Protein chains: 2
Amino acid sequence: MGKARVTVVDIAKAAGVSKSTVSLVLQGSSLVNDVTRTKVSAVMRDLGYVYNRGAANLRQAGANSKIIGVVVNDLTNGFFAELAVGVDMVVQSAGFVQFLSNTSESLDRQREVIASMREHGISGLILSPARGTKAADLKPLVSAGIPVVVAVRNVPGAKVSAIVSDNHDGVFAAVRHLVSLGHRRIAFLGGFGDTAVFKERLDGYRDAIAGCQLPADETLIVDAAPSRAGGLEAIGQALMIADKPTAAICFNDAVAFGACDGLRARGIEPGKDFALVGFDDVIEAKTAVPALTTVSVDPQGMGRRGAQLLLKQISAGKPEPETIVSSVRLVVRESCGASREGAPPAAPQAV
Amino acid sequence: MGKARVTVVDIAKAAGVSKSTVSLVLQGSSLVNDVTRTKVSAVMRDLGYVYNRGAANLRQAGANSKIIGVVVNDLTNGFFAELAVGVDMVVQSAGFVQFLSNTSESLDRQREVIASMREHGISGLILSPARGTKAADLKPLVSAGIPVVVAVRNVPGAKVSAIVSDNHDGVFAAVRHLVSLGHRRIAFLGGFGDTAVFKERLDGYRDAIAGCQLPADETLIVDAAPSRAGGLEAIGQALMIADKPTAAICFNDAVAFGACDGLRARGIEPGKDFALVGFDDVIEAKTAVPALTTVSVDPQGMGRRGAQLLLKQISAGKPEPETIVSSVRLVVRESCGASREGAPPAAPQAV
DNA sequence: CCTAATATTTGGACCGTTCCAAATTTGGTA
DNA sequence: TACCAAATTTGGAACGGTCCAAATATTAGG
């Protein structure tokens, strides 16, 4: 039950040196004599000294607070939790601690949280922005010279670094895979048309369709909420058109699951009568029935690389905005009809 | 791009008052005249002032740093991510921020992280302890008078508050449910015998068996790693015994999934030929085939209540250790053989 | 044994805010 | 108009470190 906090002067007194010397020991300076150092260290241990980083930061003029802020839009979503873990790994081993907050897609929450982090003097921020985040929301940070890395979703117009996955490439590969299985009528389901991510994935789809000499058919593109419910709705709409698709690329895995539901409700078996590909490779993708073929994005790796980028910018004086696109990998499972055991692909014309 | 940081004296100067007055405004004191307050506030806005909480904490002697630490053993696990989100909710709306770190079950990591948080002057800690955490690990915190709430797993001997789920009750209810479906030979699979959680769940099992006048048979209890692999192994062992069980309570959902694998490998269909109940209600439980009957524990609710408890202790002077047991709910799905549609239960004697 | 170097230690100012006691202003009343 | 109480405002000392220039100790060379 230590009454008062132990401070450097306490241990200076006890060790018979000045507080300056204690401070020197604290920062591992080579200026201090070894015997002094050991004596001081011993006293620190004995008295149960705990370093007060807040006090230190006060004098050391902001920059190196050893705190980095992490703000995610939905920690409940395994994808973002993994991202945070990836960040934590590198941040922690670089001797920083992370301030983590969850915004639940609320812009107000996000604003509050970022403000609070500023007050605590974070030396950098990794942000997976809530939907609708504008460049203006990040303005105060960047004009204060605090490095910011946005992850997953880009913030148009903001002069900050970003780490995003290769949306174009992922969908491109998925389409080509479906084409190689014999499909010619491939739909693109789900996602909100106003987001950058949607545009990128859709461009990947269009480019692949064009690259395979297939006719572009805008009716095959149906946008909807990027959720299970949205997928259900989207597949319904896709099956209404005259020349029905035999396969679909889904905006993300949740949409793909919804599409499964919708297919089954119509007596169509996904993976057998209809091919489906998702995006993200969420945790349930591999255990679902049928196991979902999807584009895997390694959120933890993104977190790690994002954190590395941030740390680099922190140590460099002026942060030079930089964008990393994280590459992506098609994971072939059952829902696209190409079983790994080499079973013959489902006949693509039947629906 | 503001060169130097704006401080209270800057705004005092600009507003033509003293820094004391500015400080008063900052803390919303009623001592300051309204016209002064508005003028000062305006200047703060104009100059882009940001409050320096570190400096404030320095003077305000520790207690109210507005930071609470959250340490979880595995953020990748949806269960703990939900827990953290629950904590964040109440912590955030109480004007605190959370320092979150992940230990990946490493005691060293945990030690480092807790030390680092102390240096940052957290006013309380919520800890989901890594396996093997000893009371001694928390000693420094409690003797410094910092409130600690451990969640999910208890730390034996530590004089701290705890919030744990009602393990006894959950398993008790599960066993009674199986008995009501006609089962008489019910196994208990998985879990490490040396953990408190295991003991509690096993006690629930034993008490329910006894309460239903069924013979206690220790060979029906097989411990194994609390993982999918452990479940696979455990079910294999359980099926070796002469008078085979027709149902099993699994230590957690992962074990239950492993048990499913094991049953299928022997041509036994879980949910039809054999009843299985899990614990935790992880996210895959409801989408698995068959959907898993399990004991649901609402991690987010636990997080919220744990945080409330912590905040209470922070505002109270001396933390009085207190234990909350969070109640638990049996979610009946398909794996126990009792379909919600009222189909007749599987014949319990056949295996 | 003295002196210049080199190695080590030290006093005090300072970081941005809060707190306290004292000073100043304001308002009401005799 | 003088005087007292209430309402506001204010200077300066903390808080617990770091930093710098200057002081002191030690060592080597002559």
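So you know, we letter chains A, B, ... as the sequences are listed, proteins then strands, and number each from 1. The shown structure was predicted, so the numbers you read here are calculated from the model rather than taken from an experiment.
Separating the OH atom of B/Y51 from the C1' atom of C/dG16 is a distance of 10 Å, rounded to the nearest angstrom. Put simply, CZ on A/R5 is 19 Å from P on D/dA14, counting in whole angstrom units. Here the C1' atom of nucleotide C/dT17 and the CD atom of A/E119 are 13 Å apart, to the nearest Å. When rounded to the nearest whole Å, the span between CZ of B/R53 and P of C/dT18 equals 10 Å. Regarding A/L26, its CG atom lies at a distance of 10 Å from the C1' atom of D/dT18, rounded to whole Å. Taking atom NZ of residue B/K39 and atom C1' of nucleotide D/dT8, one finds them 12 Å apart after rounding to whole Å.
Rounded to the nearest 0.5 angstrom, B/L311 CG and B/F96 CZ are separated by 5.5 Å. Here B/N73 contributes atom CG and B/S128 contributes atom OG; the two are 3.5 Å apart, rounded to the nearest 0.5 Å.
DNA chain D lies under 4.0 Å from no heavy atom of any residue of residues 9-18 of chain A. Near DNA chain D, meaning a heavy atom under 4.0 Å from it, residues 29-37 of chain B has B/L31, B/V32, B/N33, B/T36 in order of number.
For the pair A/P321 and A/V160, the minimum side-chain heavy-atom distance is 4.5 Å or more. Contact annotation: the side chain of A/D88 approaches that of B/S101 to within less than 4.5 Å [non-hydrogen atoms, C-beta and beyond]. Using a 4.5 Å heavy-atom cutoff, the side chains of B/V155 and B/L138 are in contact. At least one side-chain heavy atom of B/L309 sits under 4.5 Å from a side-chain heavy atom of B/I324. Taking 4.5 Å as the limit, some side-chain heavy atom of B/F79 sits within range of a side-chain heavy atom of B/V152. Considering only heavy atoms from C-beta on, A/H120 comes within 4.5 Å of A/F99 through its side chain.
In this structure, A/V40 reaches neither bases nor backbone, as no heavy-atom distance under 4.0 Å exists between it and the strands shown. The residue B/T7 sits close only to the backbone: its heavy atoms come under 4.0 Å of sugar-phosphate atoms, none of a base.
Checked for salt-bridge contact, A/D108 and A/R111 meet the test: a charged N lies under 4.0 Å from a carboxylate O. Between A/R153 and A/E105, at least one side-chain nitrogen of the basic residue sits less than 4.0 Å from a carboxylate oxygen of the acidic one, meeting the salt-bridge criterion. We find that B/K66 and A/E119 are not joined by a salt bridge, their nearest charged nitrogen and carboxylate oxygen being 4.0 Å or further apart.
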Output a table of nitrogen or oxygen pairs between the protein and nucleotides 19-23 of chain C separated by less than 3.5 Å.
unit_1 : atom_1 : unit_2 : atom_2 : d
C/dC19 : OP2    : B/Q27  : NE2    : 3.2
C/dC19 : N4     : B/S20  : OG     : 3.4

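One finds no side-chain N or O of A/T21 lying less than 4.0 angstrom from the OP1 or OP2 phosphate oxygen of C/dT9.
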